[in-house]
Undergrad: 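Here it is, the structure, as structure tokens.
Per chain, numbering begins at 1; letters A, B, ... match sequence-line order.
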Amino acid sequence: MESVSIGKSVSELHELLVHKDISSAELTKAYIDRIQAVDPDLQAYLTVLEDEAMAQAAEVDQKIAQGEALKPLEGIPMALKDNMCTEGIRTSCASKMLENFVPPYNATVTNRLRAAGTILLGKLNMDEFAMGSSTENSYFTKTRNPWNLECVPGGSSGGSAVAVAGDEAAFTLGSDTGGSIRQPAAFCGVVGMKPTYGAVSRLGLIAFASSLDQIGPFTKTVRDNALVMNAIAGYDALDSTSVPYETPDYTKFLVNDIKGLKIGIPREYFGEGIDPDVAKGIKAGIQTLIDLGAEVAECSLPHTEYAIPAYYLIATAEASSNLARYDGVRYGYRADSNDVLGMFKKTRAEGFGQEVKRRIMLGTYALSSGYYDAYYLKAQKVRTLIKQDFDKAFEKFDVLLSPTAPTPAFKFGEKSADPLAMYLSDITTVPINLAGIPAISIPAGFVNGLPIGMQLMGKAFGEGALYRVAYTFEQNTNYHSLKPNLSGEVLTCGSR
Amino acid sequence: MVVANKYEMVCGLEVHVELQTKTKIFCSCTTEFGGEQNTHVCPVCLGMPGALPVLNREVVNYAIKAGLALNCEIAEFSKFDRKNYFYPDLSKNYQTSQFDLPICGKGGLEIEVDGEKKWIGITRAHMEEDAGKLVHSGDTITTSNESSVDYNRAGVPLLEIVSEPDMRSIPEVLAYLEKLVQILEYTEVSDCRLEQGSVRFDINVSLRPMGATTLGTRTETKNLNSFSSVRRCMEYEVARQARVLDAGEKVVQETRTWDEGQGVTLTLRSKEEAHDYRYFPEPDLAPLVIDREWVERIRKTLPELPEARRARLQALGLSAYDAGVITQAKALSDFFDAALSSYGDAKTLANWVMGDVTRLLNTNQCSVVDSPISATQLAELLGLIDKGTISGKIAKSVLEDMYSTGKDAGVIVKEKGLAQISDEGALIGIIDDVISANPQSVEDFRAGKDRAIGFLVGQIMKATKGQANPGLVNKLLKEKLS
Ligand SMILES: [Zn+2]
């Protein structure tokens, strides 16, 4: 039996809890039942925490019974990507290397969501160490796209996107190094925000590429997204890259009005490789925004073509160093060997998957003596140029707009044999990480029954403007309210 | 140094000093030495997944202070970098260090060997984290069946001080090291406990034919931890390189290790096997911007350095030698200055500090810091001599009592009745008795034999157990006999 509450937004669930139409325990149980019903098909979860979740829900219900006021996320069941540390709960990074790793501490986001009163349902599947665009690189399982079970959910936060799209959690967190929140959000038809670098603490996020990684929320609606950001964003003295910035109440930006707002369309993001149907869908979305009073004009981000090589040099270089600690000495997988060097080699050969090893090797090479200047240093210079492109664009525009991904979700195996093709599909997302600015992906239509996403980009700490445009678009369209049919039949929809 | 009249030695040093901050460089674990294995650890210094470093500002303060004391430029913009290499004592398999933008730039210090002064340049000094310690069941990591790692030391802050290749002899090297350690001790950035490994030395040395201007091929011998090892190691390595050159062969550029037991240096890795550390900027830490106000704030906390102290003591009348002995170690110098603040005669004080006080401490194997006699107590004792309360001779025995009991000089003098008899009434009677008991001496004196008075004074002192005020006795006796 499925509860009618399942599938509602966080703010709707909050009202139900406040008015005692449902208890947090009932709500949590409904989500657990839903996970049991659909996750054998979707495979979003790596760990489900039924007992712990029910215990947390009981605590919230006690507060409700005592007449205490409920915080906006209190009693709301959610789940975390399995690269965010949870004390006493396995955090695997979807890797054999950390298959049995139980962290002794919580990530800052874990603590903040706990303080906000949320219920942790479990940990979600991902590409191993967040390296990938399809979640096919998980050591454990393949997560499926709820809109078409033969398609990938995107990656690397595939589990996080699917759990929200498949109603297996009211909201989730993912991490985004080069598009890992926005692309799966687009593929699964949900809202995904990659905040400004430094807006959300990285403490306890298992690093892939430290200067690019950022945690952000997956939600059904733009309002929910702002609510979750309210809970997780803000300075953390324990993360030296966290910015001492006074976080606004993001829900204040949720106004159904974009009259006079200046939106730039970078022509490089509509270039070669963009599926014409996706481009068409996004252009229809642009027309909607024009109709709503936005001032739209084309613009240029001239260094975009260098973003992919720069990104893959910087990200892999940092990864090669970040992942050096997995050697079998202190924690995680350890291969048997009769000497130390042998143990290191065997542990890493057996503990890491193909894609992770490929990136460690690329990164090691990029940093090697004699190549550093030609690769890593040059990539950093390109990064500065890309940042300057954005700075220039934001002198004229409040927000930039593009498709989130060049295509809708693809079939399993379609790109995994060709890593380069997979890397190239990140063209619309990686420049944002290199520049450190925020971007959100919102549902913007369908192509062949699969959702497509519209990406909105803002200036550093300009999440508010993104929420305003996203909210207005959402209030005037219905894509976000359409749901995949999980009885197996694929739902097809035209755009609007 | 001239080796067999043929070669000149060229040496530069890298010195790693543990900074004695209370907590580690990137986490709040204690830096305390020892402790049960892996008890001074946390996710950060254990390199757990998701852990992030936070720079301990106190480490920066200490590095600036050391830099200023070593006459270094303090960089306005500095950053951390990752030095990547695999070793089990390195919890992240990279060391967070500073590569191209260290906190301290060019500086140097003056040494003196055989009365000749020489400036030794310092190239740079940078902050980094220490590694853990490997504990092997056998001798080395390769021959042991089992090794364990203790990460208590991992993340203890280090300052690596790199000198210019300015030293030309082993005495110069030792003078440089002694001076360096002395300055670091004075600034209190490190306790410089060599026996605990809190200072470690890497020696870069090469030989070149006398008169040559280009440098010869050097070797680097790593991880020495005492002055005597440095001396022995250099003697060995210089002789070895001379033998290689004498045989018409080439010195191989390589990293060597010092075998203390055998007294030899051995190849650790060749240039070809040298690590490629793949340095790159540490993305988990923001660059370090040090404004000039910060530097000036630290400059104000700099103590008077050994050189300045020595000059001050010489101005107070001490010989260069005495001033040097007293300022050699900061603890003794501090003790001296504390006593000087309540006892003004620097020369007398120096005699006592270098003489009886040092002898007592040495006999009891006690450090100045733990001395049971405080500086103020010593000053009080010397004051009693000046006031004529006790004689210098009595003061020596009072000092011994002070050492064993910890009591003040005045208390001991009172308890033991050691004060000098300066009461004329009391002395007159004794003087009269001595005069009548020694008529011959009296006669001798009157006959012009001045020496006879010495005998009479001696008799009076004997009768008063040495407590009679000698000056007063002399005066009264002369009055009586004239
Ligand atoms: Zn620690």
Side-chain angles (χ1 to χ4, degrees), chain A residues 83-85 91 93 97-98 101 103-108 201-207 209-213 236-242 314 317-318 320-332 338-341 343-345 348 363-372 376-377 380, chain B residues 26-28 38 41-57 80-96 99-100 132 134 136 140-149 151 154 274-288:
Chain A
N83 59 352
M84 294 168 207
C85 285
T91 302
C93 255
M97 192 61 94
L98 293 177
F101 175 66
Y105 71 108
N106 276 331
T108 297
S201 170
R202 292 187 297 116
L203 179 66
L205 170 69
I206 299 181
S210 311
S211 74
L212 301 160
D213 295 344
D236 178 5
L238 296 177
D239 170 2
S240 310
T241 61
S242 156
I314 293 168
E318 291 180 7
S320 73
S321 175
N322 283 332
L323 272 64
R325 67 189 65 193
Y326 306 107
D327 57 11
V329 174
R330 291 159 300 277
Y331 46 74
N338 40 20
D339 65 75
V340 175
L341 194 61
M343 183 184 91
F344 280 7
K345 286 181 173 169
R348 292 169 67 77
T364 305
Y365 186 75
L367 288 175
S368 293
S369 140
Y371 298 100
Y372 180 87
Y376 186 78
L377 202 64
Q380 289 293 5
Chain B
F26 298 126
C27 62
S28 50
N38 296 310
V41 293
C42 73
V44 175
C45 53
L46 281 178
M48 298 288 268
L52 291 175
V54 177
L55 177 61
N56 178 353
R57 307 287 281 187
F80 285 93
D81 302 273
R82 291 187 185 177
K83 181 177 179 180
N84 295 285
Y85 65 99
F86 280 85
Y87 207 68
D89 65 3
L90 209 52
S91 56
K92 297 163 290 178
N93 284 318
Y94 62 79
Q95 180 191 31
T96 305
F99 182 50
D100 54 344
L134 289 175
H136 306 302
T140 68
I141 194 164
T142 38
T143 60
S144 296
N145 288 326
E146 240 181 54
S147 294
S148 57
V149 201
Y151 291 103
H275 292 302
D276 178 358
Y277 291 121
R278 291 175 278 118
Y279 280 103
F280 75 103
E282 167 59 272
D284 285 334
L285 290 168
L288 185 58

Undergrad: How close do Pro49(B) and Tyr331(A) get, counting heavy atoms only, and between which atoms?
TA: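 That would be CD-CZ, 3.5 Å.
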
Undergrad: Looking only at heavy atoms, which two atoms of Asp276(B) and Ser368(A) are closest? And how far apart?
TA: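 Looking at all heavy atoms of both residues, the closest pair is OD2-CA, 3.5 Å.
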
Undergrad: Looking at every non-hydrogen atom in both residues, tell me the closest pair between Arg278(B) and Thr364(A) and how far apart they are.
TA: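 Smallest heavy-atom distance, with atoms named: CD-O, 3.5 Å.
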
Undergrad: Please flag which part of Ala317(A) lies under 4.5 Å from any non-hydrogen atom of chain B: side chain, backbone, both or neither.
TA: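 Only the backbone of Ala317(A) comes within 4.5 Å of chain B.
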
Undergrad: Please identify, among Leu203(A), Thr91(A), Asp327(A), Val329(A), the residue contributing the most non-hydrogen atom pairs under 4.5 Å to chain B.
TA: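 Top count of heavy-atom pairs under 4.5 Å with chain B: Leu203(A).
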
Undergrad: In chain order, what residues pass the ring-ring contact (aromatic ring centres under 6.0 Å, His included) check against Tyr326(A), with sequence neighbours excluded?
TA: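 Only Phe129(A) meet the ring-ring contact (aromatic ring centres under 6.0 Å, His included) criterion with Tyr326(A).
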
Undergrad: Does any backbone or side-chain atom of Leu205(A) lie under 4.5 Å from a heavy atom of chain B? Answer side chain, backbone, both or neither.
TA: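 It is the backbone, since no side chain atom gets that close.
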
Undergrad: Between Phe86(B) and chain A, with a heavy-atom cut-off of 4.5 Å, which part of the residue counts as in contact: side chain, backbone, both or neither?
TA: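 Both parts, backbone and side chain.
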
Undergrad: Where on Tyr371(A) is there a heavy atom nearer than 4.5 Å to chain B: the side chain, the backbone, both, or neither?
TA: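 When you check distances to chain B, no heavy atom of Tyr371(A) falls under 4.5 Å.
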
Undergrad: If you count heavy-atom pairs within less than 4.5 Å of chain B, which of Ser210(A), Ala237(A), Gly370(A) leads?
TA: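 When all of Ser210(A), Ala237(A), Gly370(A) are compared, Ser210(A) has the most.
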
Undergrad: Out of curiosity, Cys27(B) SG to Leu238(A) CG, how far, rounded to the nearest 0.5 Å?
TA: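 Here the rounded value is 11.0 Å.
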
Undergrad: Going by heavy atoms in the side chains, are Leu341(A) and Tyr87(B) under 4.5 Å from each other?
TA: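 The answer is no, as the side chains (C-beta and beyond) never meet within the 4.5 Å cut-off.
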
Undergrad: Identify the heavy atoms of Glu318(A) and Arg82(B) that sit nearest to each other, and give their distance.
TA: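 Smallest heavy-atom distance, with atoms named: O-NH1, 4.2 Å.
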
Undergrad: Side chain from CB out, backbone as N, CA, C, O: work out which of these in Asn84(B) comes under 4.5 Å of a heavy atom of chain A, or both, or neither.
TA: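 Only the side chain of Asn84(B) comes within 4.5 Å of chain A.
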
Undergrad: Are the side chain of Tyr105(A) and the backbone N or O of Ala51(B) linked by a donor-acceptor pair below 3.5 Å?
TA: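 Confirmed, Tyr105(A) side chain pairs with Ala51(B) backbone.
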
Undergrad: Between Asn83(A) and chain B, which part of the residue has a heavy atom less than 4.5 Å away: side chain, backbone, both or neither?
TA: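 Asn83(A) has no heavy atom closer than 4.5 Å to chain B.
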
Undergrad: Looking at Cys42(B), Ser91(B), Pro281(B), which has the largest count of heavy-atom pairs under 4.5 Å with chain A?
TA: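 Between Cys42(B), Ser91(B), Pro281(B), the count favours Ser91(B).
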
Undergrad: Do side-chain atoms of Arg325(A) reach the backbone of Met48(B) as a donor and acceptor pair under 3.5 angstrom?
TA: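 Looks like yes, one N/O pair under 3.5 Å.
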
Undergrad: Looking only at heavy atoms, which two atoms of Pro88(B) and Val340(A) are closest? And how far apart?
TA: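 Distance-wise, the nearest heavy atoms are CG-CG1, 3.6 Å.
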
Undergrad: Go through the atoms of Ala366(A) and report whether side chain, backbone, both or neither lie under 4.5 Å from a heavy atom of chain B.
TA: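 For Ala366(A), neither part sits under 4.5 Å from chain B.
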
Undergrad: In Å, rounded to the nearest 0.5 Å, how long is the span from CZ of Arg330(A) to CG of Leu46(B)?
TA: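 Going from CZ on Arg330(A) over to CG on Leu46(B), the span is 8.0 Å.
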
Undergrad: At what distance, to the nearest 0.5 angstrom, does OG of Ser321(A) lie from CD of Glu282(B)?
TA: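 That separation rounds to 7.5 Å.
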
Undergrad: Rounded to the nearest 0.5 Å, what separation is found between the CG atom of Asp239(A) and the CG atom of Asp284(B)?
TA: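 Those atoms lie 7.5 Å apart.
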
Undergrad: Please round to the nearest 0.5 Å and tell me the distance separating atom CG of Leu285(B) and atom OG1 of Thr241(A).
TA: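 Atom-to-atom, Leu285(B):CG and Thr241(A):OG1 are 9.0 Å apart.
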
Undergrad: Applying salt bridge (charged side-chain N to carboxylate O under 4.0 Å, His left out), which residue pairs with at least one partner in residues 48-57 of chain B are found, sequence neighbours left out?
TA: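 Sorted pair list comes back empty.
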
Undergrad: Evaluate Phe280(B) against Tyr376(A) for ring pair (Phe, Tyr, Trp, His ring centres under 6.0 Å), listing each step before the verdict.
TA: CA-CA 9 Å; Phe280(B) 75 103; Tyr376(A) 186 78; 5.7 Å; yes

Undergrad: So, Ser240(A) side chain and Pro53(B) main chain: donor-acceptor pair closer than 3.5 Å or not?
TA: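 Such a contact is found between Ser240(A) side chain and Pro53(B) backbone.
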
Undergrad: Is it the backbone or the side chain of Tyr151(B) that comes under 4.5 Å from a heavy atom of chain A, or both, or neither?
TA: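 Contact with chain A is through the side chain of Tyr151(B) alone.
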
Undergrad: Which atoms of Val149(B) are under 4.5 Å from chain A, going by heavy atoms: the side chain, the backbone, both sets, or neither?
TA: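 The answer is the side chain of Val149(B).
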
